[in-house]
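In this chain, residues are counted from 1 in sequence order. All values below were derived from every heavy atom in this structure, side-chain atoms included, with hydrogens, water molecules and symmetry-related copies excluded.
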Amino acid sequence: MTTILVTGGTGKLGRPLVARLREDGQDVRVLSRRDPHHPVDLRKGQGLDAALAGVGTVVHCASSPMGGDAEAAGNLLAAAGRAGVEHLVYISIVGVDQIPYPYYRVKHQVERMVEESGIGWTVLRATQFHDLVRSVLRALGRPPVMVLPKGLQDQPVAVEEVAARLAELALGGPAGRVADLGGPEVRDLESLADAWEAASGRKRKRVGVPLAGRAYRAFREGKHLAPDGDKGSVTFEEFLAERGV
């Protein structure tokens with residue numbers, strides 16, 4: 001049995017992924033800044049060689065919209081190469097190559113770094129998680145009037161279903177770029193707001209406001225959607241019923 005190292009293993013996606021792998025009997029090593037056994041700061045790269053000793057597969061989930069992903073990936077890939085890692089699985093986002101949004105540009109840069117690393121690789125792109133959509137609607141629903149960006153759709157997916165797919169990929173061989181993974185439904189933002197209001201009991205007057213810029217145009221064109229990709233089964237309403245608003 002090979003040891004599987006999960007970066008960001010204490011994060012929103014890392015936790016269910018680690019649990020899934022351990023339930024399957026896998027030897028899992030969690031890498032995070034707060035882990036008592038392997039406290040590694042990926043941006044600095046300190047401790048990576050020790051953390052990767054004996055590891056055959058890495059699942060790279062650690063990421064931050066605040067920056068530093070490219071530096072972290074560079075440190076991780078260099079150390080993984082020195083350690084003889086055979087397979088690196090990277091979770092990315094649908095549309096990173098088509099939406100000119102800074103965080104997406106960096107995610108796409110990391111994809112290219114992984115592909116050019118010389119290590120066997122697999123890249124999975126997923127749509128937005130349910131809880132991200134919930135967080136956005138919570139924020140927009142605080143004022144008496146809910147201002148929604150006009151003309152947007154989304155395809156939210158359950159984080160547990162993304163974790164399950166990553167676990168499956170980690171247990172297989174390098175597969176390159178695999179099919180995108182999205183939620184079961186492509187929904188307009190108005191209908192997602194309807195679901196959130198119904199679950200929360202917070203009815204708001206709404207105003208649809210068009211935004212400017214190339215990134216907004218790309219989102220309006222659905223570049224972040226995966227209608228032809230693999231699909232999860234958990235709807236936004238089911239997520240809200242289980243997790244709350």
With a 3.5 Å cut-off and sequence neighbours excluded, list the donor-acceptor pairs that the side chains of residues 8-23 form with protein atoms.
unit_1	atom_1	unit_2	atom_2	d
K12	NZ	D131	OD2	3.2
R15	NH1	T10	O	2.6
R22	NH2	V28	O	3.3

Please tell me if the side chains of E161 and V234 come closer than 4.5 Å, counting only heavy atoms from C-beta onward. yes
My understanding is that only residues two or more places apart in sequence, or in another chain, count here; which of them pass side chain to side chain donor-acceptor pair (under 3.5 Å) with S117? none
K205: salt bridge (charged side-chain N to carboxylate O under 4.0 Å, His left out) partners, not counting sequence neighbours: none
So, using side-chain contact (heavy atoms from CB on, under 4.5 Å) as the criterion, who are the partners of E190 when residues are at least two apart? L148, D188, R206
Side-chain donor-acceptor pairs of residues 238-245 under 3.5 Å, sequence neighbours excluded:
unit_1	atom_1	unit_2	atom_2	d
E238	OE1	T235	N	2.9
E238	OE1	T235	OG1	3.4
R243	NH2	E160	OE2	2.0

Can you list every side chain to side chain donor-acceptor pair (under 3.5 Å) pair that touches residues 165-176, not counting sequence neighbours? R165-E168
How many angstroms lie between OG in S63 and CG in L42, if you round to the nearest 0.5 Å? 10.5 Å
If only atom types and distance count, is the side chain of Q128 paired as donor or acceptor with the main-chain N or O of V133 below 3.5 Å? no
State, yes or no, whether a side-chain contact exists between D154 and R187 at a heavy-atom distance under 4.5 Å. no
Test of understanding: with side chain to side chain donor-acceptor pair (under 3.5 Å), list the residues that count as partners of R112, not counting sequence neighbours. H108
Side-chain donor-acceptor pairs of residues 209-222 under 3.5 Å, sequence neighbours excluded:
unit_1	atom_1	unit_2	atom_2	d
Y216	OH	K150	N	3.4
Y216	OH	K150	O	2.3

Just to verify, what does Q98 make a side chain to side chain donor-acceptor pair (under 3.5 Å) with, not counting sequence neighbours? none
Heavy-atom donor-acceptor pair, T3 side chain to V55 backbone, under 3.5 Å: no
Keeping the roles fixed (side chain from E71, backbone from R43), state whether a donor-acceptor pair exists under 3.5 Å. no
Can you name the ring pair (Phe, Tyr, Trp, His ring centres under 6.0 Å) partners of Y101, sequence neighbours left out? Y104
Is there a chain of hydrophobic side chains (I, L, V, M, F, W, Y, each step under 4.5 Å between heavy atoms) that links L124 to V6? yes
Please list all pairs passing the salt bridge (Lys or Arg N to Asp or Glu O under 4.0 Å) test where one or both residues lie in residues 76-87, with sequence neighbours left out. D49-R82
Sorted by chain and number, sequence neighbours left out, side chain to side chain donor-acceptor pair (under 3.5 Å) with N75 holds for none
